[in-house]
Amino acid sequence: MKASPGTCVNIVGAGLAGALLAVLLARRGFGVRLYERRPDPRQAAPERGRSINLALAARGIAALERAGVMAQVWPLTIEMRGRMVHERSGSAALQPYGQRPNEVIYSVGRADLNRVLIEEALRHAGVTVRFSHQACGVDLGRDRLRLRELASGAEHEVPLAPTIATDGAGSAVRTSLTTAGLLAVREEWLDHDYKELTIPAAAAGALDRHALHIWPRGGFMLIALPNTDGSFTATLFLTRTGERGFAALGAPDAVAAFFAREFPDAVALLPQLRDEFARNPQGQLGTVHTAPWHAGGAVLLLGDAAHAIVPFHGQGMNAAFEDCRVLDDLLDTDDHWESLFVAFERARRPNTEAIAQMALENYGEMRDAVLDARFLRLKSLAMGLERRFPDRFIPRYSMVMFHPEIPYAEALRRGALQARLLGELDAQGDSDPGLAERLIRERLAPVA
Ligand SMILES: Cc1cc2nc3c(=O)[nH]c(=O)nc-3n(C[C@H](O)[C@H](O)[C@H](O)COP(=O)(O)OP(=O)(O)OC[C@H]3O[C@@H](n4cnc5c(N)ncnc54)[C@H](O)[C@@H]3O)c2cc1C
């Protein structure tokens with residue numbers, strides 16, 4: 001099937017990736033039919049319990065710029081310059097994310113960002129969105145996408161056209177392809193769940209609005225990201241079971257006692273703690289590995305539907321947006337859906353596997369290592385090396401968050417070399433002043 005402008009594409013899921021992809025395809029002249037399970041977000045309240053705000057970084061921004069929407073997105077963002085690490089003693093210290101003024105990340109509300117993208121998509125005459133329409137699956141043999149209209153319960157079918165599934169981590173399209181034996185899925189669930197809580201503007205007090213706050217406690221942690229209305233959204237990450245797990249926090253008194261013991265300086269920030277803890281859903285976290293991501297030229301999975309990851313690097317949405325930008329790039333050189341989908345998977349898979357791994361590794365860093373003296377020493381050493389050799393040594397966190405020109409897989413590869421090198425330099429101390437330069441020139445080629 002030809003991917004030529006004027007032809008029509010179905011997108012299942014008008015979430016973050018689906019809505020952005022609709023804008024990019026519409027700008028190229030494709031017709032787009034979006035099917036979204038939720039009601040119209042311009043009329044209904046957002047779903048509760050789904051990361052209310054997210055960290056937006058350079059990869060996501062590059063894709064949003066490609067779609068021409070950053071002018072509408074900037075007012076929704078709050079700059080976060082570093083991690084504010086809150087110790088049990090109540091003392092707090094800012095660990096900057098980078099060392100240049102532009103090396104910051106941005107908190108953005110999911111619902112607002114999604115609304116901007118949907119509105120932008122709908123500015124194009126060739127785009128339609130059917131809200132409250134749930135995809136039930138695809139039938140490749142009959143070339144059909146099966147849909148249910150949620151208001152009436154009526155089911156109907158449309159031609160595949162092709163169909164790009166951006167229906168998130170629990171993708172129904174992926175499930176139907178798996179059931180048909182067309183792809184294989186492996187889901188790796190963490191034994192840690194999460195729960196979101198509100199720090200109202202009135203209670204936020206002196207909490208720095210330009211930081212991502214972390215209360216690391218070894219096996220678990222609380223974090224908080226700022227919202228534009230002055231409130232923060234806090235998220236507790238905790239094991240499901242065990243003495244210090246969600247299972248032990250069934251009663252409101254147990255919750256209050258847990259917070260008083262583990263996060264004493266956060267208690268005053270969370271005046272609705274007991275109610276919210278009982279009311280808000282407990283979310284699961286995991287990594288989804290899928291292969292392949294497409295069925296011929298008829299169906300492609302993209303974003304979380306293809307490769308959901310744990311949220312500890314703040315990159316799931318950024319990676320999903322990067323998917324959209326890469327697919328858009330490929331449309332410059334390929335006009336057959338099947339070869340396009342093959343090329344997309346070939347280009348993206350090594351990178352999404354790399355960020356999945358780095359996201360898991362970052363959990364240990366956030367909940368634990370940020371308090372560790374060696375971690376802080378190596379971080380400061382890394383920053384010093386970046387200042388001296390900016391074209392060769394860039395801390396891995398910075399490569400991922402601030403350097404969209406460095407693919408995730410390359411960030412992982414260079415990061416491993418750098419970690420080894422930092423270990424060696426740290427062990428050596430100051431005994432050989434020329435060692436850093438020698439090792440870096442020998443082992444790290446300039447960033448391409
Ligand atoms: C706690 C938490 C914190 C996170 N923090 C960050 C962060 O700071 N930074 C970051 O980059 N990422 C973060 N993420 C990851 C991010 O949320 C996802 O990677 C991102 O939402 C993926 O976008 P998507 O469009 O692929 O999927 P989604 O955003 O999940 O969108 C899927 C859409 O499909 C719709 N849908 C689902 N099923 C159907 C169906 N059958 N038919 C029709 N429509 C359907 C849904 O309603 C939704 O609108 C976080 C995730 C979690 C859980």
Side-chain angles (χ1 to χ4, degrees), residues 10-22 33-41 44 46-47 49-61 63-64 80 105-111 113-115 117-118 129-138 145-150 163-176 190 192-196 212 223-225 233-237 280-288 301-324 352 355-356 359 362-363 366 400-401:
N10 299 321
I11 297 181
V12 174
L16 297 173
L20 175 62
L21 187 62
R33 295 191 211 101
L34 275 158
Y35 297 99
E36 168 57 50
R37 183 179 62 184
R38 289 170 301 155
D40 188 338
E47 268 180 347
R50 280 291 318 282
S51 63
I52 289 161
N53 52 24
L54 304 136
L56 174 67
R59 289 169 205 271
I61 292 171
L64 293 169
M80 298 187 289
I105 59 176
Y106 299 89
S107 178
V108 63
R110 178 189 292 272
L113 176 58
N114 206 168
R115 186 182 33 74
L117 291 171
I118 288 174
V129 190
R130 298 265 181 276
F131 292 102
S132 304
H133 273 63
Q134 178 174 22
C136 307
V138 293
L145 167 64
R146 288 183 282 114
L147 297 157
R148 181 178 302 123
E149 211 175 311
L150 294 176
T163 292
I164 302 183
T166 49
D167 51 345
S171 169
V173 173
R174 188 183 72 222
T175 302
S176 77
L190 277 195
H192 286 64
D193 285 355
Y194 72 97
K195 190 179 284 270
E196 291 192 323
L212 187 154
I223 69 166
L225 274 72
T233 302
T235 311
L236 175 67
F237 295 95
N280 291 355
Q282 182 177 322
Q284 277 189 297
L285 298 165
T287 308
V288 174
L301 306 177
L302 181 145
D304 272 15
H307 49 72
I309 59 176
V310 296
F312 305 113
H313 219 305
Q315 280 292 310
M317 165 188 67
N318 286 284
F321 283 173
E322 194 169 62
D323 278 359
C324 298
T352 59
I355 190 57
N362 225 43
Y363 190 25
M366 284 178 86
V400 170
M401 303 306 271

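Counting convention: from 1, in listed order, for ligands and their atoms alike. These numbers come from the heavy atoms of this one structure, side chains and all, not from hydrogens, waters or symmetry mates.
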[X] [atom1] to [Y] [atom2] distance, which is reported to the nearest 0.5 Å:
| X | Y | atom1 | atom2 | answer |
| --- | --- | --- | --- | --- |
| Glu149 | Gln134 | CD | CD | 12.0 Å |
| Arg33 | Ile11 | CZ | CD1 | 11.5 Å |
| Leu21 | Phe321 | CG | CZ | 11.0 Å |
| Ile105 | Leu212 | CD1 | CG | 6.0 Å |
| Leu190 | Gln284 | CG | CD | 9.5 Å |
| His307 | Thr287 | NE2 | OG1 | 12.0 Å |

May I ask you to check whether [X] has an N/O atom sitting below 3.5 Å from an N/O atom of ligand 1?
| X | result |
| --- | --- |
| Leu54 | no |
| Arg38 | yes |
| Ala320 | no |
| Asn53 | no |
| Ala17 | yes |
| Met317 | yes |
| Thr235 | no |
| Ala55 | yes |
| Gln134 | no |
| Glu196 | no |

So, applying side-chain contact (heavy atoms from CB on, under 4.5 Å) with Leu301, which one of Val173, Asp323, Ile164, Val288 is it?
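Of the listed residues Val173, Asp323, Ile164, Val288, the side-chain contact (heavy atoms from CB on, under 4.5 Å) partner of Leu301 is Val173.
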Using a 4.0 Å cutoff against the non-hydrogen atoms of [X], which atoms of ligand 1 qualify?
| X | result |
| --- | --- |
| Tyr35 | 43 (C), 44 (N) |
| Ala172 | 41 (N) |
| Gly303 | 26 (O) |
| Arg110 | 16 (C), 17 (O), 21 (O), 29 (O) |
| Gly168 | 27 (O), 30 (O), 32 (C) |

From [atom], work out which of [options] has a heavy atom at the shortest distance.
| atom | options | result |
| --- | --- | --- |
| atom 47 (O) of ligand 1 | Lys195, Arg37, His307, Glu36 | Glu36 |
| atom 18 (C) of ligand 1 | Leu113, Asp304, Asp323 | Asp304 |
| atom 36 (N) of ligand 1 | Asp167, Ile355, Leu225 | Asp167 |

Which pairs, with at least one residue in residues 309-320 and sequence neighbours excluded, count as a side-chain hydrogen bond (donor to acceptor under 3.5 Å, both in side chains)?
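Output for this query lists Gln315-Tyr408.
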Atom of Phe131, atom of Arg38 and distance for their closest heavy-atom approach
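That closest heavy-atom pairing would be CB-O, 3.5 Å.
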On the 0 to 90° scale, with breaks at 30° and 60°, tag the Phe237-Phe312 ring pair as parallel, tilted or perpendicular.
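Answer is perpendicular, since the angle exceeds 60°.
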Where does the angle between the aromatic ring planes of Tyr35 and His133 fall among parallel (under 30°), tilted (30 to 60°) and perpendicular (over 60°)?
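Rings of Tyr35 and His133: tilted, as their planes differ by 30° to 60°.
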Any side-chain heavy-atom pair of Leu147 and Arg130 under 4.5 Å:
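They are not in contact (no side-chain heavy atoms under 4.5 Å apart), so the answer is no.
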Is His313 in contact with ligand 1, taking contact as a heavy-atom separation below 4.0 Å?
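In this structure, His313 fails to qualify as a contact of ligand 1 - no heavy atom is under 4.0 Å.
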Going by heavy atoms, is His133 under 4.0 Å from ligand 1?
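Right, His133 reaches ligand 1.
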